[in-house]
Amino acid sequence: MITEKVISSKPPHILVFDSGVGGLSIVEAVKKAHPSYRLTYASDNAQFPYGTKSESVLIERVERVLSTLQEEIAADIILVACNTASTLVLPKIRSHFTQPIIGVVPAIKPAAEMSKNKTIGLLATPGTVERQYTKELIKDFAHECDVISVGSSELVLLAEQKLQNKPVSLAVLTSITAPFRDTQNRPDTIVLACTHFPLLKEELQLVLPNITYWVDSGEAIARRVQFWVNKLNLVTENTLATASSSANGVSIFTKQTAETELIKPTLNQLNLGLVHYTEVS
């Protein structure tokens with residue numbers, strides 16, 4: 001159950017959690033909207049990727065990792081920056097935390113509102129494409145649209161590799177996104193329904209140059225963060241006056257690997273330069 005808090009003089013502390021580094025796209029959106037807030041980025045890279053895990057394994061794992069992290073950092077708001085986890089485990093774990101938990105779901109509703117030809121491309125992981133939650137979103141908000149769904153785990157790996165300064169193959173991207181071209185009614189709008197995918201937006205635009213609108217959840221999530229900050233009275237005039245406009249944060253990984261060392265420059269750019277490793281058995 002979420003508890004109301006007294007007014008705080010400290011900057012709001014947001015925990016941004018993902019299985020890999022895709023959630024850094026959400027970190028960027030939140031920092032852009034709220035530069036004075038304190039952010040902790042946590043990646044359960046020991047169990048990456050989540051998209052291949054069963055429902056029971058994911059529910060147990062996410063709850064265990066978040067509980068461990070909260071014992072360590074005690075964030076005010078938990079942001080699960082993973083579409084796979086958000087569409088699957090949040091209803092089952094919210095009751096176990098006193099802090100509000102914000103999830104990331106496919107931005108199908110705004111995409112349906114934007115599309116001019118009422119044809120939408122949904123680019124997600126295979127699990128998100130097949131999940132009943134996603135099908136309900138399409139039924140509720142895009143029933144007047146033709147939705148072309150493409151599920152790809154390979155894009156997740158390509159996004160991770162990009163942050164490690166490895167080249168992204170446009171030929172592979174062209175192959176993955178072929179269903180958006182090999183159809184009579186081509187989409188004018190693409191939903192990037194995995195937090196990894198905005199990291200590949202520049203490359204995706206090169207292989208899909210005719211797409212007018214690219215939609216992800218970053219701005220909506222930043223607004224949701226502000227909703228909870230206001231509801232919990234986490235910001236006062238004194239907070240905003242004293243907080244640094246370039247508030248530093250830390251990064252936490254559940255496993256130390258060579259790949260985490262390669263993405264440190266990206267973490268530094270987001271003021272997440274201090275890296276910790278927390279093992280979760």
Side-chain angles (χ1 to χ4, degrees), residues 18-26 48-55 58 81-88 103-163 167-218 220:
D18 191 12
S19 60
V21 294
L24 290 176
S25 66
I26 299 296
F48 173 82
Y50 275 1
T52 60
K53 304 292 189 298
S54 68
E55 178 176 349
L58 265 185
C82 174
N83 290 80
T84 297
S86 295
T87 57
L88 184 63
V104 179
V105 300
I108 291 170
K109 182 179 180 180
E113 295 171 346
M114 289 181 185
S115 177
K116 303 302 182 185
N117 67 359
K118 296 306 175 184
T119 304
I120 299 169
L122 175 65
L123 192 57
T125 62
T128 298
V129 166
E130 295 300 324
R131 198 144 290 132
Q132 186 61 33
Y133 188 99
T134 305
K135 295 177 181 179
E136 290 295 327
L137 287 176
I138 294 173
K139 178 182 177 181
D140 292 343
F141 301 114
H143 56 275
E144 296 181 351
C145 299
D146 181 19
V147 180
I148 303 168
S149 299
V150 171
S152 171
S153 296
E154 190 171 8
L155 278 180
V156 176
L157 299 176
L158 290 176
E160 296 265 333
Q161 291 170 5
K162 179 179 179 179
L163 289 189
V168 175
S169 171
L170 294 184
V172 172
L173 290 184
T174 299
S175 176
I176 292 172
T177 58
F180 298 140
R181 292 182 297 274
D182 300 340
T183 179
Q184 184 174 359
N185 296 322
R186 295 186 178 185
D188 66 349
T189 303
I190 297 290
V191 179
L192 299 175
C194 171
T195 54
H196 279 79
F197 296 173
L199 302 174
L200 294 170
K201 185 177 177 180
E202 292 181 3
E203 291 81 4
L204 287 167
Q205 287 176 318
L206 291 176
V207 301
L208 293 170
N210 295 324
I211 298 299
T212 304
Y213 306 107
W214 296 85
V215 188
D216 63 62
S217 302

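Bear in mind the structure is a predicted one, so any value in this text is a computation, not a measurement.
Across every non-hydrogen atom of Pro106 and Asn83, the tightest pair is N-ND2, 3.6 Å. Pairing each heavy atom of Ser86 with each of Gly103, the nearest pair is OG-CA, 3.4 Å. When all heavy atoms of Ser217 and Val105 are compared, the closest pair comes out as OG-O, 2.9 Å. Contact detail for Ala85 and Tyr50: the closest heavy-atom pair is CB-CD2, 4.3 Å. Closest heavy-atom contact between Val191 and Ala107: CG1-N, 3.6 Å. The shortest heavy-atom contact between Pro179 and Ser175 is CD-O, 4.4 Å.
Residues meeting the side-chain hydrogen bond (donor to acceptor under 3.5 Å, both in side chains) test with Arg186, sequence neighbours left out: none. Judged as a side-chain hydrogen bond (donor to acceptor under 3.5 Å, both in side chains), and not counting sequence neighbours, Thr119 has no contacts. Every side-chain contact (heavy atoms from CB on, under 4.5 Å) that Ala220 has, sequence neighbours left out, goes to Arg223. Residues satisfying the side-chain hydrogen bond (donor to acceptor under 3.5 Å, both in side chains) test with Gln184, not counting sequence neighbours, are none. Legend: residues meeting side-chain hydrogen bond (donor to acceptor under 3.5 Å, both in side chains) with Lys109, ordered by chain and number and at least two apart, are absent. Here Ser115 pairs with Asn117, Ile120, Asp188, Thr189 under the side-chain contact (heavy atoms from CB on, under 4.5 Å) rule; sequence neighbours left out.
Checked by atom type and distance alone, the side chain of Ser25 pairs as donor or acceptor with a backbone atom of Thr195 at under 3.5 Å.
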Return a table of donor-acceptor pairs under 3.5 angstrom between the side chains of residues 152-161 and protein atoms on other chains or two or more places apart.
from, atom 1, to, atom 2, distance (Å)
Ser152, OG, Glu154, N, 3.3
Ser152, OG, Leu155, N, 3.2
Glu160, OE2, Val21, N, 2.8
Glu160, OE2, His196, NE2, 2.6

Would you give me the side-chain donor-acceptor pairs under 3.5 Å for residues 133-140, sequence neighbours excluded?
from, atom 1, to, atom 2, distance (Å)
Thr134, OG1, Thr128, O, 2.6
Glu136, OE2, Gln132, NE2, 2.9

Do any side-chain atoms of residues 197-215 form donor-acceptor pairs under 3.5 angstrom with protein atoms, and if so which ones, sequence neighbours left out?
from, atom 1, to, atom 2, distance (Å)
Glu203, OE1, Lys162, NZ, 3.0
Glu203, OE2, Lys162, NZ, 3.1

Inset, instruction - Go through the steps for Lys53 and Thr84 under the test side chain to side chain contact (heavy atoms under 4.5 Å, CB included), then give the verdict. - result: CA-CA 10 Å; Lys53 304 292 189 298; Thr84 297; over 6 Å; no
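Side-chain contact between Leu173 and Val168 is present, with at least one heavy-atom pair separated by less than 4.5 Å. Taking 4.5 Å as the limit, every side-chain heavy atom of Cys145 sits out of range of all side-chain heavy atoms of Ile108.
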